[in-house]
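Worksheet: the structure to be examined is printed underneath.
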Amino acid sequence: MLSNKHTLSIVLFLSFVFFSCGGKNQNSQTLLNQPDFNNPGVVLQQAKNILGNDVKFAYKGLFDADTAIEISAGTEIDGPKNSGIRFTLLKQVNNQLISVFQTPLLNGSFRECLVKKIKFPMFNYELVYYNSQSFYLGSGGGEVFSYIINFKEQKIYYAHFISVPDRPVSLYLSPNIDIPEIKNFFIGNFKRDFSTFKIIDKDVTLKY
């Protein structure tokens, strides 16, 4: 009887060890299968898996003060009827990335542009800054499109610089810019590249 009890104890103990080890291996495998969101190439591919191959950039960041994995991505459309750029916020929910906010199609291109994450002291999260730089500028002038995307508040702050013959060099700022630091940021950036310009209260659409 003692021998049987001893044998039963050993079987139960081994079963427990086997089950515990199996559980640990399974959890480790699950973790290993999670995308490495600290790898920029992986972040870009994850965004393309959801939004398609038109994705031109994708950054992991803290875009709405949430602890979930968040990715800001930019897509560009260049078609005969519609062309422009769009910004999308992806968030990981129940181990799946989903689109939680997307801007309308905006004027601009991701070719030869500047796009980066940006942080202002009044926010506890990051925003996305875009500037088309010299892409729409030539020897005869042109225009520069600039945006700051606030994903948390779903706001698009917009600045449009215009420099064409027979018109004063000017800068339009969207009326929803209600934060002085953002307004000063736009103005300061353009003053570094262009010595003088006039701020206008009505946007201009150039004909090409």
Side-chain angles (χ1 to χ4, degrees), residues 44 47-48 50-59 61 63-64 71-90 99-118 120 126-208:
L44 179 62
K48 286 185 175 182
I50 298 172
L51 302 174
N53 290 327
D54 291 331
V55 174
K56 303 304 180 184
F57 81 89
Y59 299 143
F63 299 108
D64 67 358
I71 295 173
S72 65
T75 53
E76 182 167 356
I77 297 174
D78 188 10
K81 294 184 178 180
N82 292 316
S83 62
I85 58 177
R86 179 176 285 121
F87 299 85
T88 301
L89 178 63
L90 304 173
S99 172
V100 295
F101 175 72
Q102 192 171 74
T103 69
L105 196 63
L106 306 173
N107 290 319
S109 173
F110 286 123
R111 288 168 286 178
E112 302 176 22
C113 76
L114 171 66
V115 59
K116 64 179 183 178
K117 297 185 293 184
I118 189 170
F120 287 91
E126 295 170 300
L127 297 86
V128 172
Y129 170 63
Y130 166 86
N131 187 302
S132 63
Q133 299 197 116
S134 61
F135 185 76
Y136 296 100
L137 290 174
S139 58
E143 58 190 330
V144 178
F145 299 102
S146 187
Y147 305 99
I148 291 177
I149 311 298
N150 185 334
F151 285 112
K152 180 174 175 59
E153 298 183 9
Q154 299 186 358
K155 287 184 177 180
I156 305 167
Y157 304 113
Y158 165 59
H160 184 199
F161 178 83
I162 305 104
S163 175
V164 292
D166 303 322
R167 182 187 291 271
V169 178
S170 55
L171 177 67
Y172 171 78
L173 299 171
S174 61
N176 70 333
I177 302 177
D178 51 0
I179 299 173
E181 288 82 357
I182 291 181
K183 181 178 180 180
N184 294 336
F185 177 84
F186 278 130
I187 294 173
N189 277 349
F190 282 108
K191 277 189 175 180
R192 278 193 290 270
D193 296 325
F194 309 97
S195 56
T196 60
F197 52 81
K198 175 185 177 182
I199 296 180
I200 56 177
D201 57 7
K202 186 176 181 181
D203 200 8
V204 176
T205 302
L206 299 184
K207 304 292 184 182
Y208 291 101

### Centroid separation Y172 to F186 less than 6.0 Å
no
### Query
Just wondering, do V128 and V115 contact through their side chains at under 4.5 Å, heavy atoms?
yes
### Task
Could you check whether the rings of F161 and F194 sit parallel, tilted or perpendicular, using 30° and 60° as the cut-offs?
parallel
## Note on the structure
In short, L171 meets A159 closest at the heavy-atom pair CD1-CB, 4.3 Å
### Query
Can you check whether F151's main-chain N or O pairs, donor with acceptor, with D64's side chain at less than 3.5 Å?
no
#### Entry: Side-chain donor/acceptor of Y147 to backbone N/O of N107, under 3.5 Å
yes
### Query
Of the non-hydrogen atoms in D178 and P180, which two are nearest, and what is the gap between them?
O-CD, 3.9 Å
### Ring centres under 6.0 angstrom apart (F145, Y130)
no
### Message
Within this structure, what is the CG-CD1 distance for the pair N131 and I148, rounded to the nearest 0.5 Å?
### Response
10.0 Å
### Query
Is there a side-chain contact between I50 and T88, using heavy atoms and a 4.5 Å cut-off?
no
### Summary
In terms of heavy-atom contacts, V204 and R167 come closest through CG2-NH1, 3.9 Å
### Query
When rounded to the nearest 0.5 angstrom, what is the spacing between CZ in F57 and CD1 in I71?
11.5 Å
### Task
Give the C-alpha distance, both sets of side-chain angles, the deciding distance and a yes or no for side-chain contact (heavy atoms from CB on, under 4.5 Å) between N176 and Y157.
CA-CA 7 Å; N176 70 333; Y157 304 113; 4.0 Å; yes
### Query
Is the closest side-chain heavy-atom distance between Q133 and E112 below 4.5 Å?
no
### Message
Let me confirm one number: the NZ-CG distance from K183 to L173, rounded to the nearest 0.5 Å.
### Response
6.5 Å
### Query
If you measure from CD on E126 to CD1 on I118, what distance do you get to the nearest 0.5 Å?
10.5 Å
### Contact check, side chains of F87 and I156, non-hydrogen atoms, under 4.5 Å
no
### Query
Are D78 and R111 close enough that some pair of their side-chain heavy atoms sits under 4.5 Å apart?
yes
### Which atom of K48 lies closest to which atom of N53, heavy atoms considered
CD-OD1, 4.0 Å
### Task
Answer yes or no: are there more than 12 heavy-atom neighbours, outside D201 itself, under 6.0 Å from its atom CG?
no
### Query
Any side-chain heavy atom of I182 sitting closer than 4.5 Å to one from K155?
no
### Query
Does the side chain of D54 come within less than 4.5 Å of E76's, by heavy atoms?
no
### Query
Looking at S146 and Y129, what are the two nearest heavy atoms and their distance?
OG-CE1, 3.3 Å
### Message
Once rounded to the nearest 0.5 Å, what's the spacing between atom CG of L90 and atom CG of L51?
### Response
5.0 Å
### Query
What's the verdict on side-chain contact (heavy atoms from CB on, under 4.5 Å) for D193 and V144, showing C-alpha distance, side-chain angles and the deciding distance?
CA-CA 11 Å; D193 296 325; V144 178; over 6 Å; no
#### Entry: Atom pair NZ/CZ of K117 and F63 - distance to nearest 0.5 Å
5.5 Å
### Query
Would you call F197 and S163 a side-chain contact if the rule is heavy atoms closer than 4.5 Å?
no
### Query
Of the non-hydrogen atoms in V55 and A73, which two are nearest, and what is the gap between them?
CG1-CB, 4.4 Å
